[in-house]
2 protein chains.
Amino acid sequence: MYSNELVRGTLKTVILQLLSFKDKMYGYELSKEVKEKTEGKIILTEGALYPILHKLEKDGYVTTIFETVGNRKRKYYMLTGKGKSHAKDRKNELLDFMQTMQSLVDPKPSLSSCI
Amino acid sequence: MYSNELVRGTLKTVILQLLSFKDKMYGYELSKEVKEKTEGKIILTEGALYPILHKLEKDGYVTTIFETVGNRKRKYYMLTGKGKSHAKDRKNELLDFMQTMQSLVDPKPSLSSCI
DNA sequence: AACTATACCTAAATTACTTATGCATAAAAA
DNA sequence: TTTTTATGCATAAGTAATTTAGGTATAGTT
């Protein structure tokens, strides 16, 4: 588990990115996916998740539909055109930021991450 | 300029890392260095900087000495042994986190960053 | 004379979260 | 059979790292 300060601020970008990989996703699914894909190192709690999703909808980045799958009601989120564009921007900003941070804390990085 | 959310949470790590590169640094110097090294993309404001430095001192990660250089009083910060160890830990956590984020938002990264 | 740079500091406000709680259904374990 | 775990949604109070805005002082620049 990473310290909260580090994860704070990246969650919206993560959600936007995961939504861009699929046609639609629901909240619980997003929560599970983040946990699985990060091997439990990043936990997207419900208290963070749902307010972010609601804000994305309010800002016009996602639209929603309810679907009932085997007696379970799910609220699916889908990126709008504006949302897809926003997701790309946020991703590019994050990648740029991480490169800047790399050069700042590790001026002479190893090439171990390269094939 | 990156969005505040993104930078928020990384500043303490950045400061610890910059301090680990030199024997001693003072506040204003840290502020200038972050701005220069990131080409203005990360601004370490005084309202963030000084509280962080004071907390680092309180927590025993740095010690301080005052020096007067040409009528200007500077407060120099130096990492303690504990501070050096902490700086390494924070750096490793940040690098680990960034790798996790990379794989999360960019599952098939380009190799453009490799030589 | 006013502005910019150097150099330190603090305090109120913001905000993205954490923690805690609530509701409902279904499957698994005790 | 009763309780825990998993699924699925949601909100609300509290926390803490900042931002924003202010203060003090000296020195060089316009």
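Nothing here was measured: the structure is a model prediction, and the numbers come from that model. FYI, side chains are in, hydrogens and waters are out, and symmetry mates aren't considered; it's all heavy atoms of this structure. By convention in this document, chain letters (A, B, ...) are assigned in the order of the sequence lines, proteins followed by strands, and residues within each chain are numbered from 1.
Using a 4.0 Å heavy-atom criterion, one finds that A/Tyr77 contacts the sugar-phosphate atoms exclusively. Residue-level contact check: A/Gly47 touches the bases, meaning some heavy atom is under 4.0 Å from a base atom. Among the atoms of the strands shown, base atoms are found under 4.0 Å from some heavy atom of A/Arg72. Residue contacts shown for A/Glu29 are absent, as no nucleic acid heavy atom lies under 4.0 Å away. Contact annotation for B/Lys32: backbone-only contact, meaning every heavy-atom pair under 4.0 Å involves sugar-phosphate atoms and none involves a base. Nucleic acid contact class of A/Gly9 (heavy atoms, under 4.0 Å, all strands): sugar-phosphate only.
The distance between atom CE of A/Met25 and atom C1' of D/dT7, rounded to the nearest whole Å, is 15 Å. Rounding to whole angstrom units, NE2 of residue A/His54 and P of D/dA12 are separated by 12 Å. One can place OH of A/Tyr50 at 19 Å from P of C/dA20, the figure rounded to the nearest angstrom. For the pair A/Tyr2 OH and D/dA17 P, the computed distance is 20 Å after rounding to whole Å. Distance CG (B/Leu6) to P (C/dA16): 13 Å, rounded to an integer number of Å. Separating the CG atom of A/Leu53 from the C1' atom of C/dC17 is a distance of 14 Å, rounded to the nearest angstrom. Rounded to whole angstrom, the span from the NZ atom of B/Lys12 across to the C1' atom of D/dA16 amounts to 10 Å. Put simply, CD on B/Glu46 is 19 Å from P on C/dA12, counting in whole angstrom units.
A salt bridge links A/Glu5 with B/Arg90: the distance from a Lys NZ or Arg NE/NH1/NH2 to an Asp or Glu carboxylate oxygen falls below 4.0 Å.
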Report task. Tell me, with the steps shown, if A/Lys22 and A/Met78 meet side chain to side chain contact (heavy atoms under 4.5 Å, CB included). Result -> CA-CA 8 Å; A/Lys22 296 185 183 177; A/Met78 297 153 294; over 6 Å; no
Query - Residue pair B/Lys82, B/Asp59: steps toward the salt bridge (charged side-chain N to carboxylate O under 4.0 Å, His left out) verdict - result: CA-CA 10 Å; B/Lys82 186 182 165 189; B/Asp59 292 344; over 6 Å; no
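Taking only side-chain atoms of A/Lys75, from C-beta outward, the nucleotide of C/dA5, D/dA10, D/dT18 with the closest atom is D/dA10. If you check D/dT20, C/dT19, C/dT10 against the side chain of B/Thr45, the one that comes closest is D/dT20.
Note that B/Lys73 lies in the cation-pi zone of B/Phe66, set by a 6.0 Å cut-off to the ring centre and a 45° limit from the axis. Geometrically, A/Lys24 does not engage A/Tyr77 in a cation-pi contact, judged by NZ or CZ lying under 6.0 Å from the ring centre and within 45° of the ring axis.
Summary of the strand contacts: A/Tyr26 and B/Leu49 both lie near DNA chain D, and taking for each the nucleotide with the nearest heavy atom, the more 5' one is attributed to A/Tyr26.
At least one donor-acceptor pair under 3.5 Å links the side chain of B/Thr80 to the backbone N or O of B/Tyr61.
In terms of phosphate contacts, A/Lys55 brings no side-chain nitrogen or oxygen within less than 4.0 Å of OP1 or OP2 of C/dA16. One finds no side-chain N or O of B/Asn71 lying less than 4.0 angstrom from the OP1 or OP2 phosphate oxygen of D/dT26. A sub-4.0 Å separation between OP1 or OP2 of C/dT18 and a side-chain N or O of A/Asn4 is present.
Side-chain to base pairing of A/Arg8 with C/dA16: one donor and one acceptor N or O lie within less than 3.5 Å of each other.
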